[in-house]
2 protein chains.
Amino acid sequence: MSDPRPGEFDLIKRYFAPLAKDPGSLGLTDDAAVLTPEPGFDLVLTKDMLAAGVHFFADDPPEAIAAKALRVNLSDLAAKGARGRGYLLGLALPANWTESWLQAFCAGLAADQNAYEIVLLGGDTIRSADGLQISVTAIGEVEAGKAVRRSGAKPGDVLFVSGTIGDAAAGLKARLEPEFCSRAGISESGKDHILGRYLMPRPRTGLAGCLTRYARAAMDISDGLFADCGHMASASNCTLVVDLDQVPLSSALRGSLAAGRDEEMFECLNGGDDYEILASVSAEKADDFERDAAANGCAVTRIGRVEAGEGDLRVQRSGVDLDIRNLHGFKHF
Amino acid sequence: MSDPRPGEFDLIKRYFAPLAKDPGSLGLTDDAAVLTPEPGFDLVLTKDMLAAGVHFFADDPPEAIAAKALRVNLSDLAAKGARGRGYLLGLALPANWTESWLQAFCAGLAADQNAYEIVLLGGDTIRSADGLQISVTAIGEVEAGKAVRRSGAKPGDVLFVSGTIGDAAAGLKARLEPEFCSRAGISESGKDHILGRYLMPRPRTGLAGCLTRYARAAMDISDGLFADCGHMASASNCTLVVDLDQVPLSSALRGSLAAGRDEEMFECLNGGDDYEILASVSAEKADDFERDAAANGCAVTRIGRVEAGEGDLRVQRSGVDLDIRNLHGFKHF
């Protein structure tokens with residue numbers, strides 16, 4: 001019996017072409033997309049791959065998988081101060097894919113295209129030898145020369161993070177260990193919150209403009225707070241000093257993790273998948289950045305400072321340095 | 001025992017950063033690449049995914065796998081008249097990857113970066129649940145408004161193809177069926193030729209400029225000559241008429257396939273993976289196109305014409321239409 005599922009060209013026509021609303025995508029009927037850059041703007045390009053069993057669970061709702069694949073890329077763009085413009089989608093479908101799965105996946109893409117004002121520009125669909133793999137290349141725009149890099153932090157800067165840290169890693173723990181929430185004293189509503197934060201990142205696209213206006217350095221937190229602070233310290237060739245007591249926690253985590261469960265707290269804070277923004281802002285501009293971020297619907301919190309140094313990270317509690325040598329970030333690979 | 005192979009950050013530093021020579025790639029130490037578009041140019045974006053066992057053999061030389069992953073994308077850019085500028089590389093490595101494999105793979109990328117004047121801009125490396133998968137997003141530039149589309153063919157145009165058709169599909173047959181070459185009367189040197197054409201596509205980057213100067217429509221031939229003529233006919237809403245006797249064959253295939261083995265001939269001609277260019281040029285410009293292409297080191301051959309119609313394809317031999325209903329192109333998915 002022949003496969004009743006649509007072939008590649010029908011897939012494109014039925015599911016992907018309706019998402020390709022930019023005239024440059026040529027209705028996905030051509031070899032490539034054509035994009036006319038906005039004069040005076042730089043393009044920002046990022047590519048994240050996600051694999052079932054590594055970056056998401058194969059039985060997650062298809063809409064959520066689609067959203068995650070887009071949002072982790074939009075988070076990278078936002079961290080550079082760029083506004084998302086479009087994306088190319090590479091999809092390696094496992095042998096047992098179904099049309100209803102794909103329909104829901106595309107509904108997830110469509111919802112996020114509306115929410116984040118981006119469009120599908122092109123892509124490719126192939127058979128996967130095993131599980132689902134998704135490769136998204138996202139394209140954003142930022143005023144020429146204004147992209148915010150990791151390498152610009154300077155001694156005297158104030159360190160900020162957006163939102164709260166550790167929720168997604170706690171959500172992953174809750175997925176993997178049924179007893180995690182009761183052991184950690186996390187309520188039912190707290191559990192919903194952390195599960196949601198793992199399943200659906202919320203890229204801080206509202207911060208993009210504030211970053212270009214005020215930040216000297218920025219990046220998104222995907223590998224873990226301390227791992228990524230280390231990356232910024234290294235790229236900026238400074239020492240970053242993080243005050244653990246200032247790291248913002250959600251109400252779901254506050255009670256449990258603050259209660260002295262150090263190892264578990266560190267695992268969550270450094271577990272990755274936060275997709276919050278880490279920014280380094282000069283002391284003179286710190287108040288303005290804070291106000292501007294809040295006005296753009298995105299609270300930011302001071303978590304430390306930048307000092308002269310050679311790429312080191314210090315994590316302090318009550319002014320005392322902690323030993324963080326054994327902390328490892330999430331390994332995406 | 002811990003894995004002695006390098007982790008993601010070491011991989012980037014050791015193997016990928018040396019390939020990232022564009023300042024916009026930020027040495028691959030940032031979340032995203034920053035690209036300043038050339039004023040007056042459009043960007044052309046394409047993305048092709050390749051999986052072991054589908055698009056290449058897992059035991060092909062790593063250099064050849066790297067070259068194929070890049071070149072199939074460069075072929076798309078060339079077909080639109082665009083000059084390649086850079087690429088993002090997504091790599092899903094199987095559990096048994098080795099450093100020596102990766103070293104050879106990156107040597108293949110480096111060689112093609114030199115040959116085609118492109119640079120690595122960014123990317124991502126993840127673990128694959130099963131076989132190797134590669135996702136390349138290539139970025140090219142073409143003078144604003146000059147990108148050549150599939151949809152511009154007009155009645156009266158002359159159809160051209162570059163190079164020779166069918167070699168790669170014959171090469172794949174030779175890989176899969178040990179007796180193919182002797183059955184088809186293909187010599188040892190002919191066998192080397194077709195195997196090479198399958199293993200290492202040669203994107204017609206030299207034609208990009210000629211296409212913007214002369215072609216009304218163009219695309220690369222990756223799904224099969226007839227399948228792709230059908231795509232151009234459909235996108236242009238014309239009838240394409242292909243004269244089988246004019247389709248250029250390599251000396252490796254000429255003797256064997258012309259000798260009346262119709263079914264095998266059609267399978268090769270329509271087998272895909274040619275990465276030659278199909279172009280539709282107005283009758284007045286046909287001679288100039290031919291000369292310009294030859295001057296750019298890339299012979300093109302007239303294979304037919306465009307007539308008024310509604311997206312149909314006719315394949316003729318000695319002026320008589322052949323029944324092509326049962327011909328199917330290569331299914332990439």
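Model, not experiment: these values are computed from the prediction. So that the names make sense, note that chain A is the first sequence line, chain B the second, and so on, each numbered from 1.
- In this structure, NZ on B:K47 lies 11.0 Å from OG1 on A:T125, to the nearest 0.5 angstrom.
- Of the atoms belonging to B:A218, it is backbone heavy atoms, and not side-chain ones, that fall under 4.5 Å from chain A.
- Per-residue counts of heavy-atom pairs under 4.5 Å with chain B were compared for A:S135, A:G140, A:G86, A:A52; the largest is that of A:S135.
- In summary, the side chains of A:S128 and A:Q133 do not present any donor paired with an acceptor at a separation below 3.5 Å, with no hydrogens or angles considered.
- For chain A, the nearby part of B:L121 is the side chain; its heavy atoms alone come within less than 4.5 Å.
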A:D30 vs B:K80, salt bridge (Lys or Arg N to Asp or Glu O under 4.0 Å): CA-CA, chis, key distance, verdict = CA-CA 9 Å; A:D30 215 303; B:K80 304 297 97 185; 2.5 Å; yes
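- Taking A:G90, A:G122, A:A82, A:A144 one by one and counting their heavy-atom pairs under 4.5 Å with chain B, the maximum is reached by A:G90.
- Proximity to chain A (any heavy atom under 4.5 Å) is restricted, for B:I139, to the side chain, taken from C-beta onward.
- Looking at B:S234, there are no atoms closer than 4.5 Å to chain A (heavy atoms on both sides), in backbone or side chain.
- Counting heavy-atom pairs under 4.5 Å between each of A:L45, A:T137, A:D76, A:V44 and chain B puts A:L45 at the top.
- Distance alone, capped at 3.5 Å, is enough to place a donor-acceptor pair between the A:N73 side chain and the A:D48 backbone.
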message = Pair B:E99, B:R5 - check salt bridge (Lys or Arg N to Asp or Glu O under 4.0 Å), show working.
response = CA-CA 7 Å; B:E99 267 202 87; B:R5 298 174 301 184; over 6 Å; no
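- Among A:L50, A:D42, A:T36, the residue with the largest count of heavy-atom pairs under 4.5 Å with chain B is A:D42.
- Every residue was checked against the salt bridge (charged side-chain N to carboxylate O under 4.0 Å, His left out) condition with B:E38, not counting sequence neighbours, and none meets it.
- Checking side-chain atoms of A:R202 against main-chain N and O of A:Y275 turns up no donor-acceptor pair under 3.5 Å.
- For the set A:T46, A:L43, A:V34, the count of heavy-atom pairs under 4.5 angstrom toward chain B peaks at A:L43.
- With chain A as partner, the option from B:A235, B:A32, B:G24 having the largest number of non-hydrogen pairs under 4.5 angstrom is B:A32.
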request  = Verify side chain to side chain contact (heavy atoms under 4.5 Å, CB included) between A:I277 and A:I221, making sure each step is shown before the conclusion.
outcome  = CA-CA 6 Å; A:I277 301 287; A:I221 301 169; over 6 Å; no
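- Interface summary for chain B: among A:G131, A:S75, A:A92, A:S151, the most heavy-atom pairs under 4.5 angstrom belong to A:A92.
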